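What follows is a single structure, and I will ask about it in a moment.
Both counts, for ligands and for their atoms, begin at 1 and track the order of listing. Only a predicted model underlies this, so the values are computations on that prediction, with no experimental measurement involved. All values below come from the heavy atoms of this structure, side chains included, with hydrogens, waters and symmetry mates left out.
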Amino acid sequence: MSSHPIIEFKNVSKRFGDTSIFNDFNFSVKENEIVSIIGPSGSGKSTLLRILMTLEGIDGGYINVNGESLWHMPWNGSYVPASNKHLHKMRDHLGMVFQHFNLFPHMTVKRNITEAPMRVKGLSRSEAEKNAEDLLELVGLADKADSYPNDLSGGQKQRVGIARALAMRPSILLLDEITSALDPELVDEVLDVIRNLAKEQRFTMLLVTHEMYFAREVSDRVCFFDQGRIVEEGAPEDIFTSPKEERTKAFLNAYLN
Ligand SMILES: Nc1ncnc2c1ncn2[C@@H]1O[C@H](COP(=O)(O)OP(=O)(O)OP(=O)(O)O)[C@@H](O)[C@H]1O
């Protein structure tokens, strides 16, 4: 693993109205590192990922992705992407898998996967389709290419969501509670896909999860979040076996018992 940070938050602040979510927040992720973020509801975990995807702006500080600034502050003092071109370029580094899949219901599985690479990356239909077939094979859904999302189980939909994110060939994969909308018996088939990707360590992965055993198994580092701060972080074996902070202990006890 290189020591070069691929994601860097420096003194970032983020508010929703009068509510401060991040205040002077610092955080970085190294290239090919797999980092899990765990913590109570409302602590800012999803907001962190949404800021990285440029789905949310920030109110102060800097964020660098792959050595380039994600947001620019023009003369009027509000943070915006420098241009649509810049926004697309920065999003190229990032793939996100959402809790509620966000698939297009009127498109086949294959089309869900080929649409963005063709539109955004300019891939030819045949290239995009070949790529989609390989990815469907990877997530174990080669036989579902022509199905529609509504004909799939939740676990299958989420595996399509993963294939769709990978189709853009991101260097960073963001996973936002990707199993929390699934029935318990469907969780493992989705986690297995991520386990396999993690084994290869081909991507930087930042995952928000409530699956503690999974976080422990796949992560290089676990960050425990509370109220927009990293309260404790470290190797999973340290955080899970001997957390130092009371808040981490209480949270893990509630989840693991
Ligand atoms: N668009 C928004 N407008 C106003 N407040 C928001 C918005 N998005 C999030 N918040 C608030 O910001 C805080 C952090 O939300 P966030 O979704 O990041 O938390 P979380 O840690 O991911 O929680 P959960 O585990 O429940 O998903 C919450 O108090 C939430 O209500």
Side-chain angles (χ1 to χ4, degrees), residues 7-29 34-61 63 65 70-71 78-81 87 91 94-102 154 157-158 161-162 165 172-184 186-187 190-191 194 204-216 218-219 221-234 236 239-240 243 245-257:
I7 300 173
E8 227 176 345
F9 282 64
K10 284 190 204 157
N11 312 109
V12 169
S13 59
K14 168 70 183 167
R15 289 184 293 275
F16 287 116
D18 291 339
T19 311
S20 170
I21 308 297
F22 296 118
N23 186 18
D24 213 9
F25 177 72
N26 294 291
F27 175 64
S28 66
V29 178
I34 300 178
V35 179
S36 292
I37 297 178
I38 59 173
S41 182
S43 55
K45 306 179 300 291
S46 297
T47 304
L48 178 81
L49 300 191
R50 291 176 57 79
I51 289 172
L52 273 173
M53 273 313 271
T54 59
L55 298 170
E56 289 287 351
I58 56 175
D59 299 297
I63 300 173
V65 173
L70 193 60
W71 297 94
S78 57
Y79 282 72
V80 293
L87 187 69
R91 279 191 185 155
L94 298 148
M96 183 152 171
V97 185
F98 300 87
Q99 182 178 356
H100 293 289
F101 327 126
N102 296 9
K157 280 183 202 161
Q158 195 54 295
I162 296 167
I172 303 167
L173 198 56
L174 308 175
L175 308 168
D176 192 8
E177 298 193 26
I178 60 168
T179 57
S180 52
L182 300 178
D183 291 337
L186 301 177
V187 167
V190 172
L191 294 186
I194 304 300
T204 305
M205 280 197 224
L206 186 54
L207 42 116
V208 169
T209 186
H210 286 128
E211 302 288 345
M212 300 299 152
Y213 292 100
F214 173 69
R216 182 175 185 160
V218 300
S219 314
R221 175 161 54 111
V222 172
C223 297
F224 181 73
F225 242 61
D226 197 16
Q227 296 177 353
R229 314 187 77 83
I230 297 174
V231 180
E232 186 165 0
E233 64 181 311
I239 298 282
F240 286 104
E245 293 291 327
E246 286 309 318
R247 274 180 287 184
T248 318
K249 274 183 210 167
F251 182 82
L252 290 175
N253 279 339
Y255 259 95
L256 295 174
N257 289 331

Check the angle between the aromatic planes of Phe9 and Phe25 and answer parallel, tilted or perpendicular using the 30° and 60° thresholds.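 Rings of Phe9 and Phe25: perpendicular, as their planes differ by over 60°.
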Give the numbers and elements of all ligand 1 atoms closer than 4.0 Å to a heavy atom of Ser43.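 In order of numbering, the contacting atoms are 19 (O), 20 (P), 21 (O).
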Quick one: does Lys45's side chain have a donor or acceptor within less than 3.5 Å of a partner on Gly39's backbone?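 Checking the backbone N and O of Gly39 against the side chain of Lys45, a donor-acceptor pair under 3.5 Å is found.
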Please tell me if atom 30 (C) of ligand 1 is touched by the protein, where touching means a protein heavy-atom distance below 4.0 Å.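 So far as the 4.0 Å threshold goes, atom 30 (C) of ligand 1 is out of reach of every protein heavy atom.
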Please report whether ligand 1 has a polar contact with Thr47, defined as an N or O pair separated by less than 3.5 Å (distance criterion only).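 Indeed, backbone or side chain, Thr47 has an N or O that close.
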Does Glu177 use its side chain to pair, donor to acceptor, with the backbone of Leu207 at less than 3.5 Å?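 Absent.
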Is the shortest side-chain heavy-atom distance between Phe251 and Asp226 below 4.5 Å?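 No; the side chains remain at least 4.5 Å from each other.
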Among Val35, Ile38, Ile37, Ile34, which residue satisfies the side chain to side chain contact (heavy atoms under 4.5 Å, CB included) criterion with Val222?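 Per the side chain to side chain contact (heavy atoms under 4.5 Å, CB included) rule, the option paired with Val222 is Ile38, out of Val35, Ile38, Ile37, Ile34.
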Interfacing atoms of ligand 1 (cut-off 4.0 Å, heavy-atom, Ser41):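 Numbered from 1, ligand 1 contributes 23 (O), 24 (P), 25 (O), 26 (O).
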What atoms in ligand 1 come closer than 4.0 Å to a heavy atom of Pro40?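 Within the 4.0 Å cut-off of Pro40, ligand 1 contributes 21 (O).
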Ligand 1-proximal atoms of Arg50, by part, heavy-atom distance under 4.0 Å: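 Under 4.0 Å from ligand 1, Arg50 contributes no heavy atoms.
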Value rounded to 0.5 Å, distance of CE in Met212 from CD1 in Ile239: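 Here the interatomic distance stands at 11.5 Å.
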Can you tell me the protein heavy atom closest to atom 21 (O) of ligand 1 and the distance?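 The protein heavy atom lying closest is Lys45 NZ, 2.8 Å.
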Decide whether an N or O pair under 3.5 Å exists between Ile21 and ligand 1.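 Checking ligand 1 against Ile21, no N or O pair falls under 3.5 Å apart.
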Would you say the side-chain atoms of Ser13 pair up with the backbone N or O of Gly60, donor to acceptor, closer than 3.5 Å?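 Side chain of Ser13 to backbone of Gly60, a donor-acceptor pair under 3.5 Å: yes, one is there.
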Considering only heavy atoms, which of Gly42, Ser46, Ser180, Gly228 lies nearest to atom 22 (O) of ligand 1?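 Nearest heavy atom to atom 22 (O) of ligand 1 lies in Ser46.
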